[in-house]
Amino acid sequence: MKALMFLGCTVPVRNLNYELSARKVAARLGLELVDDPALACCGFPLKGTDQAAALTVAARALAQAAEHGLPLVSLCSACAAHLAEAEHRLKADPEAAAAVNERLAGVGLAYRPGVRVTHFMRFLLSEVGLEAIKARMVRDLSGFTFAPHYGCHYLKPSEALEGLDDPEDPQSLARLIQATGARALMHPSLKECCGGGVLGVDEELAGRMAGAKLKELGAAQVTALALVCPFCNVMYEGQQKKIAKSLETKLAVPVVYLTQVLGLGLGMSPEELGLGLNRVKPKELLQAMAG
Amino acid sequence: MVNTPPSTPILILGGGVAGLAAAVDLARRGLACTLAEREPALGGRARDFCCKAVSACARCGACRLADLLAEAAARPQITIYTQALATSARPAEGHGWQVELAPAGPAAPLPIGPGQPLPGRVSLAAQAVILAVGPQPFDPAGKSSLGYGRVPGVISALELEARLVQGAWEQRPAPAKLAFIQCVGSRDQSLGRLWCSRVCCGYALRLARLLKASRPDMDIAFFHMDVQDYGRAWEEELAGLRREMRFVRAMPGEVAAGAGGPEVVFALAEGKQMREAFDLVVLSQGLGPPAGAGALAQMFGLARTQDGFLGRAEEPVAAGAAGVFVAGACQGPRSLTESIDHAGLAAAAAAAYVASTKGAGRG
Amino acid sequence: MRLNDGDPGFKHQVAAEPGGAGLKACFACAACTARCPVAGHLPEYDPRRIIRLTLLGRREEVLASPLIWRCSACYSCAEVCPQQVRFTDVLTAIKNLAARAGCAPPAARAGASLLAKHGRLLPVGEFENEKRAKLGLPAVEERPQDFQRLLGMAPEGREPGEGPA
Amino acid sequence: MARVSLVWLERPGLEGLAPELVARAAGVELDRGGLLEAAVVSGPQAAAPPGLKGRLLGKPVVWLDLALEVGGGDDALRLARAALAVARAAGRAALGTLPPVYAPQPAQNVLVAGAGLAALSAAQEEAALGHPVLLATPFDAAHVPGQDDDPQEVSLLAARLPAQVELAPGTELTELTGAAGGFRARLAGPQGAGWQSFGAVVLAPPGQWASSCEAPGLDPALTQPVWQLRVQEVSGPPDGWLYAAVLAGTARPLTADSFARALRAALALAERPRVQVVLLYSEARVASDHGERLFRQCRQAGVLATRVAPGGLAVREGGRELAWPDPLLGQEMELAPDLIITADQARAARPAFLDNRLLWPSWESLVPDNPRFSGGRSSRTGLYILGALRGTAPGAARRVEAADAAAEMHERLAGKLVPMPVVRDKICARCLTCVRTCPHGVPRHVVDSIHCAPAGCLACGVCAAECPAQAIAPPGWSNPEMFAGLQRALALAAEPRLVLFACQNSALAAAGELSAGGHAWPAGLVINPVVCAGRVGEHLIMKALELGARAVLVAGCHEGNCRSVTGNLRSRLRAGQCSRTLGRLGLAPESVQFLHLASNQPRVLAQAVAQMAARALEG
């Protein structure tokens, strides 16, 4: 199965370990990810001030995917949701599509409905399948506990996304963790918002939002928090120290990407998966892998 | 195997309170009818309802089932088949309907109450048909955020009633803290159910009052948007209920599993977020069109209301096909007493139809 | 609060924006507020209240409020609303109106200027691509011209004719 | 096949009626000497064949002493059926006389007094069942609708009135009393006034809008009730908005249909140019047909739906300004409306004669809010009250009531047999206790004696229980017959003997369910079915104790659920008095108890009986 890789803005600059591990996992599972350097920004950051612009930028990406004739696969939950929502809206509203196409004509592109947009994890599950992934596992991670974090846009807005998970009772990420033999911690805040959406306007508020979950996990004794979105990573890993300081508490919640967990299960080394780049290191895991 | 009377003036599908009331009403008018019930026992949902009286009758109407059963059994004009399912229907020559009935499932070991199991496949000619197949309560799992089916301690109101009927709390202690959540599957555009189910407010509050009577210190919270009226002295009763339990005017955003029982997440009027644990959270499910509404509508060529119930909203009992009438809550949400009364009008209309077509088209 | 002082046209204006039409369906059940992760950490942020003020026609109060920019766009409210108000979308409509009225905070406007400048939110240069190359990752590019042309923006992110930011 | 066996059927008056025939009609097996589960025995116990008594011990059994007045044939079949129903229900029971005395009534005509949808529907339904109907309308013609009726629907019904309906235009019903065979009504029309007799009466005066008085002190120049609103004349100023306040249940919540009417007005106003509608309400009563849809349509059209706590609305500035606290925003809201629309409820004026305390204690007792009195029924059998007078919503609900009333009325009037109490004139002291206490208005005092209106009688027996002279025998239930039945039953029962008087509307059904489920009753229990707990007077309770019962439990319907309105309450009162009397005599007062019960509360009954048995064993 082939797909067009949509990296977005953050992943290729800040989350190389995520990108690296995802690409490795995809290759191991027989998925071909095609790159197009022209792909950039999904348009989400424009939405608050100018939806029409945000929609146009999203349509640009959709039009590019249409030219490749491939589904668009994103590592970022926000990009995936925004692009899927744009597709959902444009498909249902031919007038909006016509308006967008008028603008796209200026850059030599045209939007046509029917582009499949999906998150990388959802893509793994729908194309490879949980059973097949399980069958490819070579390293048993039992003894480790990962806290899956679904966040917002991996699940919502649900009507624009593939109906893989019940947004109220999501299971997919936990199943992927369990496929490696590890335990998935079903914690109360697994579908909470990380606060990344308000980081720009109210850093303190965003910190409180992320801090609540970090405190909860700090008490839960997990191997690591497992993420599938660079925005969540900004909050839970990037801001962890800052948050600990502002909350006047000590926090050391290791953070990994779920692709890294899968990669370990598939037999790859921590180096291959960029685990060295993780800032709050999952020491327990790294020690076990080294030993 | 057809060794039963091949024709009946009026065939009633559904032996709940509405079907029984229609049969009794027809018998009072001196008309013979055949009542076909899918289950082994007559009575429908009302069979599972307990008496809600505390110091006085709560006017729930559940006791009227016993009256109807006794009367239906005693009236010679009424032929009753249980475990009988209508499988197809076609307009008979001239007027009326030819309806095929088939046994629904293997025969129950013992007949329960009046009626006999359908002896086999029966093709019945009826001059008129009354559909009284009842409503379908909403499956609360369809409102995922409220945790039904996955959060321990979240049950439906009908399940609570079943516990009461079985006397579950006579053996073990009743919950000390309980929440009712209203409008589950009602007044909900996101579920495509944009109607008020009418009966759930009165139903839940009567259940709550009954619980409170058995355990006066029980802390009951009633999450709702608007309390619908129920009967003539309702405002006075409501004033009393408001003193006995907490009325919270908010729809919870979530019911989540918690260490001390299911936790209801809601907002106070001034916007403050609350998270409160209860021993038991009861979801008051709304009433929807009968499960087989589509099949029945197709079978008889019926009209359906905007909300998918059988018949037409503007005509109280006409079903949109000649000689077919609807009775009770399959036409729209109704209480037990309302269903019983409504069946009376359906019976009157069916009787008038049969009288008006007498001699026309037959033979 | 005097209702006669409100602007009854405001709600219609919000409803006319893409995604804003759900606004008027609200019957104030507060499921959105109950579920909002921001409201949990910032009690004065109350989606139901924002809808209410909008319906009451408090145009200036709503558009100038810093609270409307506190939404994290997580869609929790939209998922639980029984009336399909889709508050996230309604608020987007309101924010767009606020931005047009010049009420958007700098952080909210930053996206457009970065896009016009770099074609992406985070600039990439040689340093980034070297790092990527070391890990065997393909190079990424900045193509701001596409976005400038597409959105009719000047290279610095200002719309043509707009004064200096 | 029923699990009850008909063991023996021998009775004078049933000659020529083969037991097999009765058995088949009743749907039971005839006893062939095998195992018995339950039995109906016809004929005096003394004449029972040898060995039967032994076989009956501990089995549900009904002794039938069929009264001689019974005509045989169909009646006998019906009685046998009724007896079997009791046998099935009563479980372990032994009892004497069951059926009431029947007196045939000729078919009679019906008076429908009123106009509008309810009256026309009732006239039509009743006529369709073949009864002559006199439709007495205060108007000149039948097709005059009430304010709350759909005029088209009314004129359609009026045009289709069958020939059996005689129209009396310009005629008012001014007085109504019970009479032998039904009712006497005084009608005042163009030809003068006079009394006429009717088998049944329907009261359905047309509904009028009555303003629910949303808030006192509103400026009348700004204010209109919903039904007066002419929406086409409303539009806002060219440069601004017209504010219209729709008050829908601000003083006290409305019924759903009134709320829907207010919503329709709000929607129509909102669709007018430049009109801002503010809908003020305390509860959105959306339980009418499509009420929720309408409510949403209103909001979509721009109506500001605003909650006000009941009584929270203040009127200021000479009725031109409204103010209320808003809990959501935490501040006081103010509105100076250009137009105020107030909601209405449909009501009909109650005729003065309905307040006749001699005929019925109160309006509430005449039309009780009781599930057994739905569908137009009143506590006076044969008197039906429909439509706005009853508080029913306009439209379909009124037709529903009319149809229900017609079917029940038909059965009473179509030559069916109806029960009839017998007053022994020589013993009667004319104390009028029966006139005052009969819940159905049957006994009447006419020229120094008591006369009964049989169409109204339900055989509940309240009169017999109350009569201090014991001069009244309700149909088939005279005190001596009851005593004899008890005596027979208690003679068969083991020690300690216990008596349960079981109301057939509640306790009897509950007992039946328990028996069917194999419940083990105390060995000495005698279940004595009664039509209504109201039948169980002091003398009956004391007789049971006198005959050897250690304890008596009277089980009747819950308050507000009695088919005889207050039969259960009277019974409770009597049981209490017996209990106190026992106490005064130095006997255990707790040996007489009363239990409120519903037919679907078998466990409550089982518990109460078990407690009674335990107490009896202790004592």
Side-chain angles (χ1 to χ4, degrees), chain C residues 1-17 19-34 36 39 43-62 65 67-68 77 81-87 89-90 93-94, chain D residues 236-237 239-246 263 267 269-281 283-286 291-308 313 316-317 320-339:
Chain C
M1 182 185 292
R2 204 175 151 81
L3 261 54
N4 303 61
D5 301 338
D7 173 7
F10 184 43
K11 58 178 174 292
H12 297 298
Q13 200 183 350
V14 173
E17 290 287 309
L23 167 80
K24 292 190 282 188
C26 172
F27 65 21
C29 75
C32 49
T33 303
C36 176
E44 56 270 37
Y45 178 80
D46 177 356
R48 171 166 70 163
R49 190 185 162 94
I50 294 173
I51 295 177
R52 195 71 198 148
L53 289 171
T54 307
L55 288 173
L56 290 170
R58 317 303 291 189
R59 178 193 295 274
E60 283 71 31
E61 206 173 325
V62 171
S65 167
L67 286 174
I68 60 173
C77 49
C81 176
Q83 291 294 321
Q84 285 187 317
V85 172
R86 302 192 60 77
F87 178 70
D89 291 343
V90 169
I94 291 173
Chain D
D239 55 343
W241 293 83
L242 180 139
Y243 282 83
V246 175
L263 287 183
L267 183 59
L269 279 171
E271 281 165 352
R272 298 294 301 161
R274 300 176 305 283
V275 174
Q276 174 59 56
V277 183
V278 182
L279 174 74
L280 294 159
Y281 65 101
E283 301 272 7
R285 291 271 161 92
V286 288
E292 181 68 21
R293 215 173 273 279
L294 195 58
F295 187 37
R296 190 174 151 105
Q297 269 172 7
C298 277
R299 302 194 307 271
Q300 296 281 25
V303 171
L304 268 179
T306 306
R307 282 218 178 81
V308 185
L313 187 68
R316 298 175 186 162
E317 301 288 326
R320 294 186 304 279
E321 196 172 296
L322 306 172
W324 64 93
D326 185 304
L328 217 124
L329 298 174
Q331 45 184 296
E332 190 183 68
M333 310 297 284
E334 290 167 341
L335 173 68
D338 304 297
L339 178 64

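So that the names make sense, note that chain A is the first sequence line, chain B the second, and so on, each numbered from 1.
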Problem set entry | Side-chain H-bond candidate by donor/acceptor type, C/K11 with D/Q276, under 3.5 Å | yes
Seminar exercise, completed: Sorted by chain and residue number, the side-chain contact (heavy atoms from CB on, under 4.5 Å) partners of C/Q84 (sequence neighbours excluded) come out as B/Q189, B/S190
Problem set entry | Cation-pi geometry met for D/R293 and D/F295 (6.0 Å, 45°) | no
For this session: Could you tell me which portion of D/A301 (side chain, backbone, both or neither) has an atom closer than 4.5 angstrom to a non-hydrogen atom of chain C?
Result: backbone
Exercise. In terms of heavy-atom proximity below 4.5 Å to chain D, should C/L23 be classed as side chain, backbone, both, or neither?
Worked result: neither
Problem set entry | Side chain / backbone / both / neither for D/A336 at chain C, heavy atoms under 4.5 Å | both
Exercise. Would you say the side-chain atoms of C/R52 and D/T306 include a donor-acceptor pair closer than 3.5 Å?
Worked result: yes
Exercise. With sequence neighbours excluded, what pairs up with D/E321 under the salt bridge (charged side-chain N to carboxylate O under 4.0 Å, His left out) test?
Worked result: C/R2
Exercise. What part of C/A21 is in contact with chain D, defined as an atom under 4.5 angstrom from a non-hydrogen atom: side chain, backbone, both or neither?
Worked result: backbone
Exercise. What part of D/Q300 gets closer than 4.5 Å to chain C, counting heavy atoms only: side chain, backbone, both or neither?
Worked result: both
Problem set entry | Side chain / backbone / both / neither for D/L304 at chain C, heavy atoms under 4.5 Å | side chain
